[in-house]
Amino acid sequence: MVQVLIKALDILELVAQRSGQAVTLTEISNELQLNQATASNIINTMITKGYLEHVGKKKGYRLGLAAYRLTNEVNYEQDLVSAARETMNQLTAQLNESCLLGVLRNQKRYILHAVHSTQDIQVQIRSERNVYETASGRLLIAYLPEKELERLILHNGLPDPELWEGATTKMSLIEALVNIRREGICMTHLKHTHVRGFAVPIFINAAVAAGLSVFLPEYRCSAARQKEIILALRKAATQISQRLG
């Protein structure tokens, strides 16, 4: 058990030394002189706990959110948060509704940054959510490459009818994701929580890097209010994307 712990720490240190650049399984095995199967088992456990994240089959692994939390590092994905912070503050000031910056990490939706409204009644924010449950989660998986989407479905299963009524089969899920990508926006209405959510993509060099979303109790979401939110959200996402180049 002590040897496994040492190997896990060695892997964590090696990945941390790359400053955000992904490290492949082959590189980890060669540099640390580990059997690939052993390294893979340790890495998969660290992914489950959030200390590493899988960037892609050929790209490898980098530090996960849990690793940053060990040092109270608040600026995870620092460039992205820095580019979004001012615009998100303006968006919340304009709408007086909470907004968040979300990404996919280990097949879940993680919050990189959130700005809270001053409303007396607000929707509760959790840093980690089921991807099918939130507007930003659905939006982000809509832009996944086919193979990554297959892995996500294999890991998470298909949506529960209570979370996403119209996407409970693989065919209906893919159809729903195609519609989201075509519209460039995801809108959710979770009846069991009485929450409405809106999310749009943020791009870096034509690739979706994150989802910008606004969410609020349904009683504050009239048709006119919905239109206002969508216009403001799209404008904010465009500003952030331009800032990221």
Side-chain angles (χ1 to χ4, degrees), residues 65 81 84-85 87-144 152-153 155-169 172-173 175-202 208-237 240:
L65 187 59
V81 174
R85 184 181 286 110
T87 299
M88 290 176 68
N89 288 337
Q90 293 170 352
L91 180 63
T92 292
Q94 176 186 345
L95 299 174
N96 197 19
E97 299 293 354
S98 300
C99 68
L100 63 83
L101 188 68
V103 293
L104 289 180
R105 293 293 177 261
N106 301 325
Q107 316 296 4
K108 297 179 182 179
R109 195 290 323 267
Y110 282 106
I111 296 175
L112 292 184
H113 185 62
V115 181
H116 299 272
S117 73
T118 60
Q119 299 278 6
D120 291 332
I121 298 177
Q122 299 190 41
V123 177
Q124 183 181 10
I125 297 177
R126 296 204 310 267
S127 62
E128 180 182 306
R129 294 287 288 269
N130 184 310
V131 287
Y132 301 136
E133 192 176 2
T134 66
S136 54
R138 295 182 190 182
L139 176 94
L140 290 165
I141 65 174
Y143 286 90
L144 283 178
L152 183 138
I153 294 172
H155 182 274
N156 289 332
L158 291 166
D160 187 285
E162 194 171 284
L163 289 182
W164 199 350
E165 187 177 359
T168 55
T169 67
S172 61
L173 173 61
E175 184 179 348
L177 296 177
V178 168
N179 289 334
I180 290 170
R181 195 163 57 246
R182 183 172 57 245
E183 297 294 330
I185 187 168
C186 180
M187 295 179 281
T188 57
H189 180 200
L190 299 180
K191 296 178 182 178
H192 68 289
T193 59
H194 305 289
V195 172
R196 286 190 178 270
F198 305 85
V200 294
I202 290 174
V208 173
L212 180 66
S213 61
V214 168
F215 48 97
L216 64 160
E218 63 179 338
Y219 78 88
R220 289 205 299 264
C221 194
S222 64
R225 182 62 165 163
Q226 177 173 311
K227 184 177 180 180
E228 180 187 12
I229 289 170
I230 291 171
L231 288 172
L233 197 53
R234 288 188 187 277
K235 182 179 178 181
I240 297 168

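Quick note: residue numbers are just sequence positions, from 1. What you see is a predicted model, and the numbers here were worked out from it, not measured in a lab.
In terms of modelled atom types and a separation under 3.5 Å, the side chain of Arg109 and the main chain of Asn130 share no donor-acceptor contact. With hydrogens and angles disregarded, no donor-acceptor distance shorter than 3.5 Å links the side chain of Thr92 to the backbone of Ser117. Side-chain atoms of Arg138 never come within 3.5 Å of backbone atoms of Ala176 as a donor-acceptor pair (strictly under, hydrogens ignored).
A side chain to side chain contact (heavy atoms under 4.5 Å, CB included) with Cys186 is found for exactly one of Val200, Ile180, Leu177, Asn179, namely Ile180.
Under the rule for a side chain to side chain donor-acceptor pair (under 3.5 Å), the partners of Glu133 that lie at least two apart in sequence or sit in another chain are Arg129. Listed by chain and residue number, Asn96 satisfy the side chain to side chain donor-acceptor pair (under 3.5 Å) test with Thr118 (two or more places apart in sequence, or in another chain).
In this structure, Lys108 NZ and Tyr132 OH are separated by 13.0 Å, a value rounded to the nearest 0.5 Å. Ile202 CD1 to Ser136 OG: the interatomic distance, rounded to the nearest 0.5 Å, is 10.5 Å. For the atom pair Glu228 CD and Leu233 CG, the distance stands at 11.5 Å (nearest 0.5 Å). Between the NZ atom in Lys235 and the CD1 atom in Ile230 there is a gap of 16.0 Å [rounded to 0.5 Å]. Atom CG of Leu112 is separated from atom CZ of Arg85 by 11.0 Å, given to the nearest 0.5 angstrom. Phe215 contributes atom CZ, which lies 4.5 Å from atom CG of Leu100 (distance to the nearest 0.5 angstrom).
The shortest heavy-atom contact between Ala199 and Ser213 is CB-CB, 3.7 Å. The two residues Gly184 and Arg234 make their nearest non-hydrogen contact at O-NH1, 3.7 Å. Ala210 approaches Leu140 most closely through the heavy-atom pair C-CD2, 3.6 Å. When all heavy atoms of Ala236 and Leu212 are compared, the closest pair comes out as CB-CD2, 3.7 Å. Contact detail for Asp160 and Thr168: the closest heavy-atom pair is C-CG2, 4.3 Å. Between Gly166 and Ser172 the shortest heavy-atom distance is O-CB, 3.4 Å.
Within a 6.0 Å radius of CD in Glu175, no more than 12 heavy atoms belonging to other residues, nucleotides or ligands are found. Crowding of Gln226 atom CD: a count of heavy atoms from other residues, nucleotides or ligands under 6.0 Å exceeding 12.
In this structure, the side chains of Leu173 and Pro159 come closer than 4.5 Å at one or more pairs of heavy atoms. Between Phe198 and Leu216 there is a side-chain heavy-atom pair separated by less than 4.5 Å. Using a 4.5 Å heavy-atom cutoff, the side chains of Val115 and Leu91 are not in contact.
With respect to Arg196 and Glu97, no salt bridge is recorded, no charged nitrogen being found less than 4.0 Å from a carboxylate O.
Within the structure, salt bridge (charged side-chain N to carboxylate O under 4.0 Å, His left out) contacts touching residues 209-219 (residues at least two apart or in different chains) do not occur.
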